[in-house]
Engineer: 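Please find one structure pasted underneath; my questions will follow.
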Amino acid sequence: MVVQTQSADETRALGSALAAAARPGDRLALIGPLGAGKTQLAKGFAVGLGITDTVNSPSFTLMAEYRGRLPLFHQDLYRLSGASEAFDGGLLDERQDQGVTLTEWGDRLDGGLGVGRLDVRFELLPDDARRIELASADLDRYAPYLEIAAGWEARARGAG
Amino acid sequence: MSGRILAVESSCDETAVAVVERGRRIVTGIVASQVALHAETGGIVPEVAARAHLRWMIPVLDEACARADIADWSDLDAIAVTNGPGLAGSLLVGITMASTLAWVHGLPLVPVNHLEGHIYAAWLLDAEEPERPAPEFPVVALVVSGGHTFLVEMRDHLTYRLLGQTVDDAAGEAFDKVGRLLGLPYPGGPSIMRAAAGATRRDRRFPRAWLGDTDDFSFSGLKTAARRAVSAELGGPDGGPIEPDGSLLPEPVVAELAWAFQDSVVDVLATKTLGAAERCDARTIVIGGGVAANTVLRQRIADAAASRGIAVAVPRPGLCTDNAAMIGAAGWHRFNAGERAGRDLDARPSLKLAV
């Protein structure tokens, strides 16, 4: 499923919409270059979960935790080079089964997240536009996200 | 009662132990800098950091004890330790050692927030440094590092009111990421400062995110502006690559872009800090955190504050980055306020300073 957003505001709105599908144990890998909108999508997702705290980039702090409709674990592997570092650093723990985990630079986990995840891939387009692709090998769990994205894209095209 | 506190810090990438007297005078401060280790990997690698904490903690403690001439532990009033925020695994190395020392030697254990440590670094005096007055309240403190960017008001010791914070990237993170975009070596802060100092063209203007008249900060748009500028410089008539490689740029252009980026960050940090200080009737502006080592930022705030009759307290660069002396300084005030932790003291990765 491919979605396009035209601005950071729209990327946040998409994140907020996707949060409606969130269930305990969900893991989203946010993948894409610097400034592609990974943190913006996470910020919107947090709003969608009813989180009122300011969500900012955990690039240096590596993981931040928030309380909302579900606990949100917001991770950033920008400074990591492989899965073993994330495991040894304690970035994956059993509490995440009770909440939703968003992992920026999630591709650096290699197979560490397992196939039970939703990949959200960001590509830079000219100006502020972004191409955002959602894909998962576990459709039983993640189909609701794809449906929300499809509806969102249809509305965006209709409006455009 | 010697007024001496032994302090331990291991929240992120530095393993550090210090002995501080009455919250101000550094008797000794040892930091096992892991920067060299990280430079090889292009960033701070937490797994490497956690292992390095384990490897360094005891040697750093031994060195601090030898230099402070601690033969009799009853000369100490307490043990202070950072209990958050930070990585749980890293924090636990320091907490475990500090609580063990406190238990074995029958000393009080005092937990300290890493972020208040960065503020209290401004109270510190080096071993041979002449006395100078402590910062006077009310204080407006700007903490700027790789992981944090915020402004707080302090009307007295240990009381913090959050004025504003970054809504996306921390300032130090922006330095690091734009440094990478420009093809400059890690860490980005000193690299950009050095490159900018050599800029001959100083008229390019990157955007500033003022966020209305709030005390909040935003640096992610600046990251995008920097990427576009690099792309435009590389691109011909058909436009540059969407994901440009700044290491292909000629040195004068890198210097020009580094200058423009730093100018924008410093402008926003200084303007907002001065505005908050005036509004709070602050007598002192305190700056802390790794980005406070940036000489352009220090000078800009010092000049602007001087013209308004506000004092500025900034630690020397070595005390802006993570260290244990700052934990000893803040720990002294927490100790005097009667704060004690039990042996069950746990790491609090998301510990907040103020709301």
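Proteins get letters first, then strands, A, B, ... in listed order; numbering begins at 1 in each.
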Engineer: Are side-chain N/O atoms of A:E65 and B:S350 paired as donor and acceptor at under 3.5 Å?
Structural biologist: no
Engineer: Is there a donor-acceptor pair closer than 3.5 Å between any side-chain N or O of B:N294 and the backbone N or O of B:V291?
Structural biologist: no
Engineer: Report the C-alpha distance between B:S231 and B:E233 in whole Å, list the side-chain angles of each, state the deciding distance to 0.1 Å, and finish with yes or no for side-chain hydrogen bond (donor to acceptor under 3.5 Å, both in side chains).
Structural biologist: CA-CA 5 Å; B:S231 178; B:E233 289 291 337; over 6 Å; no
Engineer: Pull out the residues in residues 33-42 of chain A that come under 4.5 Å of chain B, heavy atom to heavy atom, sorted by number.
Structural biologist: A:P33, A:L34, A:G35, A:Q40
Engineer: Closer than 3.5 angstrom, by distance alone: can the side chain of B:S191 be matched with the main-chain N or O of B:P185 as a donor-acceptor pair?
Structural biologist: yes
Engineer: Establish, yes or no, whether a centroid distance under 6.0 Å links the rings of A:Y66 and A:F73.
Structural biologist: no
Engineer: Less than 3.5 Å apart, any donor N or O on the side chain of B:S10 or B:H53 sitting next to an acceptor on the other?
Structural biologist: no
Engineer: With a 4.5 Å heavy-atom cut-off (strictly below), which parts of residues 3-15 of chain A touch chain B? List them by number.
Structural biologist: none
Engineer: With a 4.5 Å heavy-atom cut-off (strictly below), which parts of residues 132-149 of chain A touch chain B? List them by number.
Structural biologist: none
Engineer: Is B:K177 positioned over the aromatic face of A:Y78, cation under 6.0 angstrom from the ring centre and no more than 45 degrees off axis?
Structural biologist: yes
Engineer: Assess whether side chain to side chain contact (heavy atoms under 4.5 Å, CB included) is satisfied between A:L70 and A:Q98, documenting all intermediate values.
Structural biologist: CA-CA 7 Å; A:L70 293 168; A:Q98 267 73 61; over 6 Å; no
Engineer: Would A:R117 and A:D119 pass as an ion pair if we require N to O under 4.0 Å?
Structural biologist: yes
Engineer: As a quick check of understanding, evaluate side chain to side chain contact (heavy atoms under 4.5 Å, CB included) for B:F261 and B:L182, giving each step before the final call.
Structural biologist: CA-CA 11 Å; B:F261 165 78; B:L182 293 174; 5.8 Å; no
Engineer: For B:K352, is there an ion pair with B:E116 - N to carboxylate O distance below 4.0 angstrom?
Structural biologist: no
Engineer: Please check: side-chain N/O of B:D176 versus main-chain N/O of B:G172, any donor-acceptor pairing under 3.5 Å?
Structural biologist: no
Engineer: Hey, mind stepping through B:T273 and B:L151 against side chain to side chain contact (heavy atoms under 4.5 Å, CB included) and telling me if it holds?
Structural biologist: CA-CA 7 Å; B:T273 303; B:L151 274 167; 3.8 Å; yes
Engineer: Within the structure provided, determine whether A:I31 and A:V120 are in side-chain contact (heavy-atom separation under 4.5 Å).
Structural biologist: no
Engineer: Do B:N83 and B:H114 pair up side chain to side chain, a donor and an acceptor below 3.5 Å, judged on atom types alone?
Structural biologist: no
Engineer: B:E173 and A:S57: side-chain donor and acceptor closer than 3.5 Å?
Structural biologist: yes
Engineer: Which residues in residues 205-217 of chain B have a heavy atom less than 4.5 Å from any heavy atom of chain A?
Structural biologist: none
Engineer: What part of A:D128 lies closer than 4.5 angstrom to a heavy atom of chain B: side chain, backbone, both or neither?
Structural biologist: both
Engineer: Considering only heavy atoms from C-beta outward, does the side chain of B:L115 approach that of B:H148 to under 4.5 Å?
Structural biologist: yes
Engineer: Using non-hydrogen atoms only, which part of B:S220 is less than 4.5 Å away from chain A: side chain, backbone, both, or neither?
Structural biologist: side chain
Engineer: For the backbone of A:A19 and the side chain of A:R69, can you confirm whether one donor and one acceptor N or O come within less than 3.5 Å of each other?
Structural biologist: yes
Engineer: Side chain, backbone, both or neither: which part of A:P126 has a heavy atom under 4.5 Å from chain B?
Structural biologist: both
